[in-house]
A.B. asks: 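This is the structure, below, for whatever I ask next.
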Number of protein chains: 2
Amino acid sequence: MSTPDEVDEVVAAWQRERPDVDVSAMHVLSRISRLARHLDRARKQAFATHGLETWEFDVLSALRRAGKPYQLSPGRLVAETMVTSGTMTNRVDRLVERGFVERRADPDDRRGVRVCLTASGRRTVDAALVELLEHEREILSALDPTRAAQVADALRTLTRSVRS
Amino acid sequence: MSTPDEVDEVVAAWQRERPDVDVSAMHVLSRISRLARHLDRARKQAFATHGLETWEFDVLSALRRAGKPYQLSPGRLVAETMVTSGTMTNRVDRLVERGFVERRADPDDRRGVRVCLTASGRRTVDAALVELLEHEREILSALDPTRAAQVADALRTLTRSVRS
DNA sequence: CCAAACAATCTCGACATCAAGATTCTTGAC
DNA sequence: GTCAAGAATCTTGATGTCGAGATTGTTTGG
């Protein structure tokens, strides 16, 4: 292994204090959690250039990648972004204020709503995506492509494991 | 690759909508973020058995693994847990209320404070650790040990990459 | 066709977090 | 010794999220 990091120190400390417990799982799982927090910060930085918050990008990008006509129900957005329905109501409200989305009635279900990306929202999210990926490729360049693919595959397996 | 997951769908959608952008970095980085959120939920579940919140465990475990006499400064706890100083003040307040820690004056620096784990706090965090690791080993069992070690190593590399 | 179960969205209050700044104390240069 | 710079902690106000429940509309079994 290369230079020790924070997680190596945490694991070493636990082994000293609790030699009766096998903490080796932390080498993978704690590292994922900590790395995710670092990635959040990096993303926040990347979006700041475009005056976007991370949560705004999360919603706008879900609409963008849905393809034309760039509209999804709040429920669908909840599923895509892993937040609660109350949170999504709040997010959509603020995105409407900023002029990035519009709320329209669902013609087929009077309970339903469609959240639609505006032209302004689309331009913004398109630019932010490019910026984000430049940063992400930079970060990921620390891994050669073969290894990156192996890691992606392992993470896919883990995701299935934790969800069941 | 095994069965496609949410990230595979997201990447495929982006490739359809933005064929001009290379989104392959998401296979690793988005998966890390999403997996971290799933892990948070799993941890929350594990701690609920012991009446602990995740943030409580984060603080108590930092104190516990520091070893005897189980005390650290707020500043040190901030560094260990990746939160701001204001957050830590609040957390320590509430842990004092629950009787899991005590605040004592630092004898060498009158600005300083030492946050000390109580016997009750120690019992609780020790039990929660065992529970947490049982769950984590279960999740990680989806990967054979060799692969897990490779992933840990790659994540260590990525952490260094994102921090610089 | 009615009632009950179900579904989609929104409302509301509690709560945890952050960022910036205030407070109190320490240290080092002169 | 004193003063300015720095350090450790706490305070405050704004913000975003969650969870539970309310509202409105749809579906289905009898």
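This structure is a prediction, so every number in the text was calculated from the model and none was measured. Numbered from 1 within each chain, the chains take letters A, B, ... in sequence-line order.
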A.B. asks: Should R156(A) and E6(B) count as an ion pair when the cut-off is N to O under 4.0 Å?
C.D. replies: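 No salt bridge links R156(A) with E6(B).
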A.B. asks: Can you check the R111(A) CZ to dT11(C) C1' distance for me, whole Å?
C.D. replies: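 After rounding, the gap between these two atoms is 18 Å.
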A.B. asks: Find out whether the Lys NZ or Arg CZ of R94(A) is both under 6.0 angstrom from the six-membered ring centre of W55(A) and within 45° of the ring's axis.
C.D. replies: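 The answer is yes, since R94(A) meets both limits relative to W55(A).
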A.B. asks: Tell me the interatomic distance from D108(A), atom CG, to dT9(C), atom P, rounded to whole angstroms.
C.D. replies: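 Distance check: D108(A) CG to dT9(C) P gives 13 Å.
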A.B. asks: Less than 4.0 angstrom from a charged side-chain N to a carboxylate O is my criterion; do D106(B) and R110(B) meet it?
C.D. replies: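 Result for this pair is no, no salt bridge flagged.
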A.B. asks: For A46(B) versus T49(B), what's the shortest heavy-atom pair and its separation?
C.D. replies: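 In this case the closest contact between A46(B) and T49(B) is O-OG1, 3.3 Å.
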A.B. asks: What heavy-atom pair brings L63(B) and L72(B) nearest, and what distance separates the two atoms?
C.D. replies: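 Smallest interatomic distance, heavy atoms only, reads CD2-N, 3.5 Å.
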A.B. asks: If I compare all heavy atoms of E56(A) with all of G51(A), which pair ends up nearest, and what's the gap?
C.D. replies: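 Reported closest heavy-atom pair: OE1-O, 4.0 Å.
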A.B. asks: Report which part of the nucleic acid R76(A) touches: base, sugar-phosphate, or nothing (heavy-atom distance under 4.0 Å, all strands).
C.D. replies: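 Nothing, no nucleic acid heavy atom in range.
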A.B. asks: Indicate, with a heavy-atom threshold strictly under 4.0 Å, whether R103(B) touches base, sugar-phosphate, or nothing.
C.D. replies: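 Here R103(B) touches the backbone only, sparing every base.
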A.B. asks: Could you walk me through whether R31(B) and D5(B) satisfy the salt bridge (charged side-chain N to carboxylate O under 4.0 Å, His left out) test, starting with their C-alpha distance in whole Å, then the side-chain angles of each, then the deciding distance to 0.1 Å, before giving a yes or no?
C.D. replies: CA-CA 10 Å; R31(B) 223 167 237 121; D5(B) 66 0; 2.8 Å; yes
A.B. asks: With the side chain counted from C-beta on, respond yes when E136(B) and L140(B) share a heavy-atom pair under 4.5 Å apart, and no when they do not.
C.D. replies: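 They are not in side-chain contact.
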A.B. asks: Would D93(B) and R98(B) count as a salt bridge (charged side-chain N to carboxylate O under 4.0 Å, His left out) here? Give the steps.
C.D. replies: CA-CA 9 Å; D93(B) 284 348; R98(B) 289 202 64 180; over 6 Å; no
A.B. asks: Just report the end-to-end axis angle for the helix from dC1(C)-dG30(D) to dC30(C)-dG1(D), five pairs per end, to 10 degrees.
C.D. replies: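 Rounded to the nearest 10 degrees, the bend comes out at 20°.
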A.B. asks: Are the side chains of V21(B) and W14(B) in contact, using a 4.5 Å heavy-atom criterion?
C.D. replies: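 No, every pair of side-chain atoms sits at 4.5 Å or beyond.
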A.B. asks: Give me the first and last nucleotide of DNA chain D, going 5' to 3', that has any atom under 4.0 Å from a heavy atom of chain A.
C.D. replies: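 It runs dG16(D) to dT26(D).
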A.B. asks: Nearest-Å distance, CG (D109(A)) to P (dC6(C))?
C.D. replies: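 In whole Å, dC6(C) P and D109(A) CG are 17 Å from each other.
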A.B. asks: Walk along nucleotides 12-23 of chain C from 5' to 3' and tag each nucleotide B, S or - by protein heavy-atom contact under 4.0 Å, base first, then sugar-phosphate.
C.D. replies: ----SBBS----
A.B. asks: Check whether the side chains of T84(A) and T87(A) place a donor and an acceptor atom closer than 3.5 Å, and report yes or no.
C.D. replies: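 Their side chains do contain a donor-acceptor pair, which is all the 3.5 Å distance test asks for.
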